[in-house]
There are 2 protein chains.
Amino acid sequence: MDTKTEIMDLAEQLIRSRGYNSFSYKDISSALNIKNAAIHYHFPAKHDLGKAIINRTRLRFAQHISEWKTASPTRQLEQFIATYEGANEKELICFMGSLGPSYKTLPESMQKELTAASFEIRSWIRIILKAGLADGSFSFNENLEEKSDAIITSLLASLIMNRVTGENILASIKSVIFTGLQREAL
Amino acid sequence: MDTKTEIMDLAEQLIRSRGYNSFSYKDISSALNIKNAAIHYHFPAKHDLGKAIINRTRLRFAQHISEWKTASPTRQLEQFIATYEGANEKELICFMGSLGPSYKTLPESMQKELTAASFEIRSWIRIILKAGLADGSFSFNENLEEKSDAIITSLLASLIMNRVTGENILASIKSVIFTGLQREAL
DNA sequence: TTGCTTACTTACTTACTAGTAAGTATATTT
DNA sequence: AAATATACTTACTAGTAAGTAAGTAAGCAA
């Protein structure tokens with residue numbers, strides 16, 4: 001594997017386990033047995049590395065939703081939640097949950113990438129919910145946009161709460177999400 | 001006002017706007033026109049300050065829920081959500097949303113305080129939902145513990161998402177929460 | 001009035017941070 | 001064979017971090 005990819009993989013792991021402002025180039029250089037300056041060769045400034053990682057995540061997400069396209073809305077949502085379960089097993093939180101709280105400390109280039117990512121994810125969930133309503137697999141009375149945001153926020157924070165509580169909050173949230181898509185008002 | 005309280009107030013604001021690892025004693029000392037060492041006089045180590053702030057938040061929460069005690073479950077939940085709305089107006093996220101993502105980087109004393117706080121908040125919401133079910137003001141079919149966790153996670157992350165998206169996600173989440181407490185299964 | 005406590009300041013240390021300039025070995029191109 | 005590009009290392013800088021030791025001014029207590 002090439003050094004640049006190794007740097008990005010490790011940096012992503014560090015960001016999602018410790019946070020952007022809590023890792024240094026030294027953490028990466030000592031783990032990969034390279035020098036500090038080698039990272040600067042590939043990513044001149046730290047924000048170049050940060051930006052590249054968010055951008056790669058956006059591309060991965062685009063690939064994922066493209067692969068899932070033919071599946072049912074329920075199955076697509078399950079696949080999406082499975083990515084959170086995968087993160088959970090590796091004791092990582094999602095990049096939005098890691099970078100979002102320190103949004104104000106991030107350089108502008110990273111803020112822009114992060115905001116763009118948030119709109120991509122939110123619009124995809126809206127599309128899935130709309131499709132589920134259309135084919136009858138989902139049923140709910142809340143506003144579609146609001147419902148979508150309730151789903152991503154609870155998933156995002158479940159990974160954070162897993163850490164703090166030591167319990168599997170994600171499993172609870174998954175259960176509540178699917179129950180909430182099979183309901184009618186009184 | 002005394003210096004110690006001023007330090008804590010500013011540190012809390014910094015933690016909830018930038019994060020624990022993204023503020024320094026210098027941020028506080030220059031803002032309050034005191035010296036670096038003056039903060040160390042009141043809080044020998046940074047984690048002493050961090051711990052004190054979480055502990056104060058726990059005490060405040062205990063006071064709040066004690067004051068709300070006589071109100072209806074709906075009103076108590078509204079009061080709770082109003083604290084998030086207050087944070088939102090000050091462009092702050094909640095301390096759990098700020099400290100949770102960097103949980104692994106925190107000293108043990110802060111981790112313990114944070115975990116204790118999470119159990120206090122979660123058990124309170126469970127009590128409110130139980131009371132609402134009992135007096136008929138709430139109606140839902142999900143597991144009570146899971147429903148409680150869905151509520152706090154979505155509130156926590158809504159403040160984070162407000163920042164990233166620039167939209168008022170908290171308002172959406174509030175709407176979805178109350179709709180989700182007035183439903184029956186098909 | 002002497003001693004002690006409180007609430008600091010002055011002046012410093014050690015460690016780490018991102019970042020850079022200059023040099024080098026290896027491979028690729030012309 | 002010579003020139004050039006790639007992927008680094010060596011060796012450094014300037015700035016910032018938390019933390020500390022010693023000193024001080026003001027107030028209170030015996």
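Throughout, protein chains are lettered first and strands after them, A, B, ... in sequence-line order, and every chain is numbered starting at 1.
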Just by modelled atom types, is the [Y] backbone N or O under 3.5 Å from a matching donor or acceptor in the [X] side chain?
X      : Y      : value
B/Y25  : B/A37  : no
A/T115 : B/T165 : no
A/E6   : A/L32  : no
A/S154 : A/A150 : yes
B/Q182 : B/S137 : yes

Discussion item. Evaluate B/E142 against A/T179 for side chain to side chain donor-acceptor pair (under 3.5 Å), listing each step before the verdict.
Written reply: CA-CA 7 Å; B/E142 293 98 337; A/T179 306; 5.4 Å; no

Residues passing the side-chain contact (heavy atoms from CB on, under 4.5 Å) test with B/A45, sequence neighbours excluded, are B/H47, B/D48

For A/R126, the side-chain contact (heavy atoms from CB on, under 4.5 Å) test, sequence neighbours excluded, returns A/R122, A/L144, A/E145, A/S148, A/D149

Interface polar pairs with nucleotides 25-27 of chain D, N/O, under 3.5 angstrom:
none

Please output the side-chain donor-acceptor pairs of residues 79-86 of chain B that fall under 3.5 Å, not counting sequence neighbours, one pair per line with the distance.
residue: B/T83; atom: OG1; partner: B/F80; partner atom: O; Å: 2.5
residue: B/E85; atom: OE2; partner: B/K174; partner atom: NZ; Å: 3.0

Practice prompt. Step through the shown structure and confirm whether more than 12 heavy atoms of other residues, nucleotides or ligands are within 6.0 Å of NZ on B/K46.
Written response: yes

Could you tell me the separation between the [atom1] atom of [X] and the [atom2] atom of [N], rounded to a whole number of Å?
X     : N      : atom1 : atom2 : value
A/K46 : C/dT17 : NZ    : C1'   : 9 Å
B/H40 : D/dT20 : NE2   : P     : 8 Å
A/Y25 : D/dC8  : OH    : P     : 14 Å
B/I28 : D/dA18 : CD1   : P     : 9 Å
B/K26 : C/dT17 : NZ    : P     : 18 Å

Taking five pairs at each terminus, the helix from C/dT1-D/dA30 to C/dT30-D/dA1 shows an axis bend, to 10°, of 10°

| said: When you measure from the side-chain N and O atoms of B/S24 to the phosphate of D/dA17, is any distance below 4.0 Å, counting only OP1 and OP2? | reply: yes

Sequence neighbours excluded, the answer for side chain to side chain donor-acceptor pair (under 3.5 Å) partners of A/N55 is A/E113

Here the side chain to side chain donor-acceptor pair (under 3.5 Å) pairs for residues 10-24 of chain A, sequence neighbours left out, are A/E12-A/R16, A/E12-A/R56, A/E12-A/R60, A/N21-A/T105, A/N21-B/S22, A/S22-B/N21

Residue pairs meeting side chain to side chain donor-acceptor pair (under 3.5 Å), one or both in residues 29-40 of chain A, sequence neighbours left out, come to none

Within residues 12-22 of chain B, the residues having a heavy atom closer than 4.0 Å to DNA chain C are none

Pairs under 3.5 Å (N/O, protein and nucleotides 7-12 of chain C):
residue: C/dA7; atom: OP2; partner: B/Y41; partner atom: OH; Å: 3.4
residue: C/dC8; atom: OP1; partner: B/T3; partner atom: OG1; Å: 3.3
residue: C/dC8; atom: OP2; partner: B/T3; partner atom: OG1; Å: 3.0
residue: C/dC8; atom: OP2; partner: B/H42; partner atom: NE2; Å: 3.2
residue: C/dT9; atom: OP2; partner: B/K35; partner atom: N; Å: 2.9

Residues at least two apart in sequence or cross-chain that pass ring pair (Phe, Tyr, Trp, His ring centres under 6.0 Å) with A/F178, listed by chain then number, are none

Ordered by number, residues from residues 100-108 of chain B within less than 4.0 Å of DNA chain D (heavy atoms) are none

A/I128 and A/F138 have their tightest heavy-atom pair at O-CE1, 3.8 Å

Is the shortest distance from a Lys or Arg side-chain nitrogen in B/K104 or A/E91 to a carboxylate oxygen in the other one below 4.0 Å? yes

### Message
Applying a 4.0 Å non-hydrogen cut-off, can you work out what B/F43 is touching in the nucleic acid: base, sugar-phosphate, or nothing?
### Response
nothing

